Amino acid sequence: MGIVNVTPDSFSDGGAYVDTAAAVAHALALIDQGAAIVDIGGESTRPGAEPVDEEVECARVVPVIEALRRQSDVFISVDTLKPGVMRAACMAGADMVNDVNALQAPGAIDAVRETGAAACLMHMQGQPRTMQQAPVYGDVVGEVAGFLRQRVASCFEAGIARERLCIDPGFGFGKTLDHNLALLRELDRFTHGDRPVLVGVSRKSMFARLLDTPSMDARIHASVAAAFWAATRQARIIRCHDVAPTVQVLRLAQALGPHETFRTGQ
Ligand code: YH5
């Protein structure tokens with residue numbers, strides 16, 4: 001899953017057309033590098049990010065999804081928390097809703113059920129603006145797994161087929177470096193369940209903290225290694241910025257087959 005951010009950056013002149021064209025070109029480049037899914041996001045959920053209005057978010061993602069749908073059969077995911085954006089994106093041709101809030105907003109489950117989209121349910125402690133201030137868990141792996149089990153059950157009870165759902169521990173979303181490492185170390189606890197697991201660690205601050213450097217290159221190498229670790233432990237979808245090197249290690253993981261570390265009875 002290649003990441004396509006449609007948020008204005010410091011290089012943008014603010015013109016919607018320019019942003020759309022650049023995002024579509026970026027998506028096509030990621031597909032060319034081997035992405036099977038592109039994840040289109042119009043609101044930053046990075047730590048400290050401020051929310052944007054629904055109309056603004058729709059105006060960013062819908063034209064990109066429409067244009068990409070005309071040009072490619074790729075599986076299109078929309079990264080959003082808002083039911084209105086979910087519906088508009090699916091009307092425009094999105095196949096999947098990637099919700100860092102696990103469809104907990106009022107109306108989100110209905111939007112996914114009624115559009116027939118697939119969905120990724122992610123764990124987050126707190127809200128993006130403040131979630132990294134002081135994350136606390138008793139048993140991070142148990143609590144995250146329990147939350148995801150409950151969300152899958154709620155979605156199923158509300159009429160979404162289980163087959164449409166995948167789960168995600170939510171690396172960096174209200175988690176310290178130690179929490180993130182515990183979740184990666186015990187990824188088997190998620191991948192041995194009945195739902196496919198998505199892992200998103202690409203370029204995240206956890207690597208800056210681990211490596212004690214702000215270097216983006218260092219983060220990229222560690223991100224690609226973490227993708228390999230996750231893939232050998234049966235993660236099914238890797239969400240990443242650097243598709244070309246990630247596809248290389250995923251080919252190796254696939255050729256090697258599963259790394260069996262799962263221990264039962266503990
Ligand atoms: C995810 O894990 N993450 S947006 C901060 C960074 C770098 C990257 C400071 N959406 C996930 O990618 N959806 C995001 O450096 C996601 N899983 C799913 N399912 C945050 C992000 C990032 C944040």
Side-chain angles (χ1 to χ4, degrees), residues 1-45 52-101 103 105 107-122 160-161 163-166 168 196 198 200 202-203 236-248 250-251:
M1 172 187 272
I3 300 168
V4 177
N5 288 316
V6 200
T7 47
D9 59 31
S10 49
F11 305 108
S12 159
D13 65 359
Y17 172 74
V18 173
D19 293 340
T20 301
V24 173
H26 187 55
L28 293 172
L30 297 183
I31 295 164
D32 200 51
Q33 290 166 37
I37 309 173
V38 288
D39 188 38
I40 315 238
E43 175 182 44
S44 175
T45 45
V52 300
D53 284 345
E54 180 173 315
E55 301 80 68
V56 173
E57 198 181 331
C58 279
R60 289 178 185 174
V61 298
V62 166
V64 175
I65 294 168
E66 284 176 345
L68 190 57
R69 185 74 303 157
R70 281 196 295 270
Q71 295 177 63
S72 170
D73 289 331
V74 75
F75 201 80
I76 299 176
S77 161
V78 60
D79 189 345
T80 187
L81 323 131
K82 299 187 190 73
V85 179
M86 294 172 189
R87 288 180 189 276
C90 292
M91 290 288 293
D95 303 289
M96 170 174 166
V97 169
N98 173 27
D99 183 2
V100 301
N101 201 30
L103 304 182
I109 289 184
D110 293 340
V112 167
R113 185 188 54 244
E114 290 167 21
T115 56
C120 178
L121 307 175
M122 198 197 80
I160 301 175
E163 294 69 32
R164 291 195 184 284
L165 300 170
C166 70
D168 180 346
L198 185 155
S202 184
R203 297 187 184 180
R236 297 295 174 192
I237 303 173
I238 305 294
R239 182 180 180 277
C240 67
H241 303 83
D242 306 289
V243 170
T246 304
V247 166
Q248 291 176 348
L250 295 188
R251 293 255 160 80

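This structure is a prediction, so every number in the text was calculated from the model and none was measured.
Across every non-hydrogen atom of Ala111 and Pro83, the tightest pair is CB-O, 3.9 Å. Residues Val38 and Val4 come closest through the heavy atom pair CB-CG2, 4.5 Å. Summarising the geometry of Ala117 relative to Cys90, their closest heavy-atom pair is CB-SG, 3.7 Å, with the distance given to 0.1 Å. In this structure, Gly42 and Val61 approach most closely via the heavy-atom pair N-CG1, 3.4 Å. Minimum heavy-atom separation, Ala88 to Val62: CB-CG2, 3.8 Å. Considering all non-hydrogen atoms of both residues, Ala67 and Val24 come closest at CB-CG2, 3.8 Å.
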**Request:** List the steps and the verdict of side chain to side chain contact (heavy atoms under 4.5 Å, CB included) for Met122 and Asp99.
**Result:** CA-CA 6 Å; Met122 198 197 80; Asp99 183 2; over 6 Å; no
**Asked** Are Ile160 and Leu103 close enough, and set up right, to give a side chain to side chain contact (heavy atoms under 4.5 Å, CB included), and what steps lead you there?
**Response** CA-CA 11 Å; Ile160 301 175; Leu103 304 182; 4.2 Å; yes
**Request:** Begin with the C-alpha distance, continue with both residues' side-chain angles, and end with the deciding distance and a verdict on salt bridge (charged side-chain N to carboxylate O under 4.0 Å, His left out) for Arg69 and Asp95.
**Result:** CA-CA 10 Å; Arg69 185 74 303 157; Asp95 303 289; 3.1 Å; yes
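The CG atom of Asp168 sits 4.5 Å away from the SG atom of Cys120 when rounded to the nearest 0.5 Å. How far CD1 of Ile40 is from CE of Met96: 12.5 Å, rounded to the nearest 0.5 Å. Annotation: the span from Asp19 atom CG to Asn5 atom CG amounts to 11.5 Å, rounded to 0.5 Å. Rounding to the nearest 0.5 Å places CE of Met1 at 15.0 Å from CZ of Arg236. Rounded to the nearest 0.5 angstrom, Asn98 CG and Ile237 CD1 are separated by 9.0 Å. To the nearest 0.5 Å, the span separating CG on Leu68 from OG1 on Thr20 amounts to 11.5 Å.
In this structure a side-chain-to-backbone donor-acceptor pair under 3.5 Å is present from Arg164 to Gly116. A donor-acceptor pair is defined here as one N or O able to donate and one able to accept, closer than 3.5 Å; such a pair exists between the side chain of Glu43 and the backbone of Val52.
Salt bridge annotation for Asp53-Lys82: absent, with no cationic side-chain nitrogen under 4.0 angstrom from a carboxylate oxygen.
The closest side-chain heavy-atom distance from Gln71 to Leu28 is below 4.5 Å. In this structure the side chain of Met91 never reaches within 4.5 angstrom of the side chain of Ile65, judged on heavy atoms.
The salt bridge (charged side-chain N to carboxylate O under 4.0 Å, His left out) test applied to Arg239 returns Asp39, Asp79, not counting sequence neighbours.
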